[in-house]
**Q** 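Before I ask anything, here is the structure I am working with.
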Amino acid sequence: MEKRGRGGRVPAHQPAPQSSATPRRDRRPSMFEKESYAQILRERLRDSLHEVQYVEPPLDESTADLGKEWKSALARLKFANTYRMEPPKKFQAHSVETKVQRILKDNLKDVKYDDKVFSRLSLELADCIMSVVKEFGYQRYKFIVKVLLIQKTGQAINVASQWIWDVAWDSWVAAKHETETYVALALVFALYCE
Amino acid sequence: MEEYQRHCDEVGFNAEEAHNIVKECIDGVLGGEDYDHTNINQWTASIVEQSLAHLVKLGKAYKYIVTCAVVQRSAYGFHTANSCFWDTTSDGTCTIRWENRTMNCIVNVFAIAIVL
């Protein structure tokens, strides 16, 4: 029994059989390799009954941006190119203004100032004006509606607005309704969005 | 080659940054002043102008609308409501209330993303 037959004896003992008999078994992927980080994460979270407290982020941030990339890819996929550089119908301020003025007048006719009523009324008016403006059907426009209700008690109020926008397509509308006890001011801004 | 990522639009409007900027502007203009009807026009105009200038200096691809209401402080009722039709992921708003002994000031900033 010479120990020289080591080569032949090895399969019998099988200390590390796979390394010689079968192809070398793949090492478990390292967490620091980009493409395997996501896989490890999924593996860990799939059947686990306990929570993963902290997973070391990869050395480079590319896989951390997976969520953002997905979202922007989705946004890119959604829109086919229409080759349109301008809105189909430009925002007509005067027609919107008459409509908004009529809404204010109809809703606030004979309404006296009342604290509780007005806090709800301001929100209702804003929603109402918003739905009416949307009904006009201006495509590719974003809207902002602002409603101010100020009680008249002899104080002074100053309202100023300034903006940076596309002068060609963006516009605004202001409507005022004044009574003995309060003033109602409605502002509508329309902004073109490509 | 990666495409240029619009990082500001992915994250959305940074309301806190805008809040700090506008608060500084208001403090600079109205800080320590009492209500004065001769100057009030100038003050509201300069608050709005300075806020807008500082917001634009951030260099983000946004359209801005800044609204400022300054009211003399007394016993009065004031209600305001906003309704916005926009993309909630990229657009945002920020409201700053400021007051001192004689005045109340409300500044509203709307930021709408420009899609480049």
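Below, chains carry the letters A, B, ... as their sequence lines are ordered, and counting in each starts from 1.
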**Q** Taking every non-hydrogen pair under 4.5 Å, which of A/D127, A/I157, A/V188, A/L185 racks up the most with chain B?
**A**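 With the most close heavy-atom pairs to chain B, the winner is A/I157.
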
**Q** Please classify the contact of A/T153 with chain B as side chain, backbone, both or neither, using a heavy-atom distance under 4.5 Å.
**A**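 Just the side chain, heavy atoms under 4.5 Å.
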
**Q** Should A/I164 and B/L52 be marked as a side-chain contact (heavy atoms from CB on, under 4.5 Å) after you check the CA-CA gap, both sets of side-chain angles, and the distance that decides it?
**A** CA-CA 8 Å; A/I164 283 202; B/L52 201 54; 3.7 Å; yes

**Q** Would you indicate whether the side-chain heavy atoms of A/I144 and B/I65 approach each other to under 4.5 Å?
**A**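 Touching, per the 4.5 Å side-chain cut-off.
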
**Q** How far does NZ of A/K142 sit from CZ of B/F110, to the nearest 0.5 angstrom?
**A**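 Output value for this atom pair is 13.5 Å.
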
**Q** Take atom NZ in A/K152; do more than 12 heavy atoms of anything else shown fall under 6.0 Å from it?
**A**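 Yes, the 6.0 Å shell around NZ holds more than 12 heavy atoms from other groups.
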
**Q** Mark yes when over 12 heavy atoms from residues, nucleotides or ligands other than A/K89 sit less than 6.0 Å from its NZ; otherwise mark no.
**A**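 Atom NZ in A/K89 is crowded, with more than 12 foreign heavy atoms closer than 6.0 Å.
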
**Q** Picking from B/A45, B/C84, B/A75, B/S51, which has the most non-hydrogen pairs under 4.5 angstrom with chain A?
**A**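 Option with the top pair count is B/C84.
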
**Q** Let me confirm one number: the OH-CD distance from B/Y76 to A/Q151, rounded to the nearest 0.5 Å.
**A**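 Between atom OH of B/Y76 and atom CD of A/Q151 there are 10.5 Å.
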
**Q** Can B/I21 be reached from B/L30 by stepping across I, L, V, M, F, W or Y side chains whose heavy atoms are under 4.5 Å apart?
**A**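 In one cluster: yes.
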
**Q** When you measure from the side chain of B/K63 to the backbone of A/Y192, do you find a donor-acceptor pair of N or O atoms at a distance under 3.5 Å?
**A**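 Side chain of B/K63 to backbone of A/Y192, a donor-acceptor pair under 3.5 Å: yes, one is there.
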
**Q** Flag yes if A/V132 and A/M130 sit in one hydrophobic cluster, no otherwise; membership is Ile, Leu, Val, Met, Phe, Trp, Tyr, and two members link when side-chain heavy atoms are under 4.5 Å apart.
**A**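 Yes, because A/V132 and A/M130 connect within a single hydrophobic cluster, where side-chain heavy atoms sit under 4.5 Å apart.
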
**Q** Contact part of B/D91 toward chain A, heavy-atom cut-off under 4.5 Å: side chain, backbone, both or neither?
**A**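 Just the side chain, heavy atoms under 4.5 Å.
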
**Q** Measure distances from A/D170 to the heavy atoms of chain B and classify the residue's part below 4.5 Å as side chain, backbone, both or neither.
**A**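 For A/D170, the side chain is the part near chain B, not the backbone.
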
**Q** Heavy-atom distance under 4.5 Å to chain A: side chain of B/V107, backbone, both or neither?
**A**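 Interface part for B/V107: neither.
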
**Q** Do B/W43 and A/N158 have side chains that approach each other closer than 4.5 Å (heavy atoms only, starting at C-beta)?
**A**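 Sidechains of A/N158 and B/W43: no contact.
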
**Q** Do A/K134 and B/F85 have side chains that get closer than 4.5 Å, going by heavy atoms?
**A**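 The answer is yes, as the side chains (C-beta and beyond) meet within the 4.5 Å cut-off.
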
**Q** Decide whether B/L58 and A/W165 are clustered together by the hydrophobic rule: side chain heavy atoms of Ile, Leu, Val, Met, Phe, Trp, Tyr closer than 4.5 Å, transitively.
**A**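 The answer is no; the residues belong to distinct hydrophobic clusters.
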
**Q** Testing the basics here: between B/Q72 and A/G154, what is the closest heavy-atom pair and its distance to 0.1 Å?
**A**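 Result for this residue pair: OE1-O, 4.5 Å.
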
**Q** A/V96 and A/L125: same hydrophobic cluster, using ILVMFWY side-chain contacts below 4.5 Å?
**A**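 Yes; tracing contacts between hydrophobic side chains, which count when under 4.5 Å, links both residues.
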
**Q** Tell me the closest heavy-atom pair linking B/F78 and A/Y113, and the distance in Å.
**A**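 The answer is N-OH, 4.0 Å.
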
**Q** Does the side chain of A/Y182 pick up a donor-acceptor pair with the side chain of B/H79 at under 3.5 Å?
**A**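 No.
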
**Q** Between CD of A/Q162 and OG1 of B/T67, what distance do you get to the nearest 0.5 Å?
**A**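 Answer rounded to 0.5 Å: 10.5 Å.
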
**Q** Indicate yes or no: at least one non-hydrogen side-chain atom of B/T80 is less than 4.5 angstrom from one of A/V147.
**A**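 With C-beta onward as the side chain, the pair stays apart.
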
**Q** Under a 4.5 Å cutoff for heavy-atom pairs, which residue among A/C193, A/S122, A/A156 has the most contacts with chain B?
**A**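 Ranked by heavy-atom pairs under 4.5 Å with chain B, first place is A/A156.
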
**Q** Under a 4.5 Å heavy-atom cut-off, does chain A meet the side chain of B/N104, its backbone, both or neither?
**A**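 B/N104 has no heavy atom closer than 4.5 Å to chain A.
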
**Q** Specify which of A/F189, A/Y141, A/W172 makes the most heavy-atom pairs with chain B at under 4.5 Å.
**A**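 Of the candidates given, the most pairs with chain B belong to A/F189.
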
**Q** Can you hop from A/L187 to A/L121 via hydrophobic side chains spaced under 4.5 Å?
**A**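 Different clusters: A/L187 never reaches A/L121 through Ile, Leu, Val, Met, Phe, Trp or Tyr contacts under 4.5 Å.
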
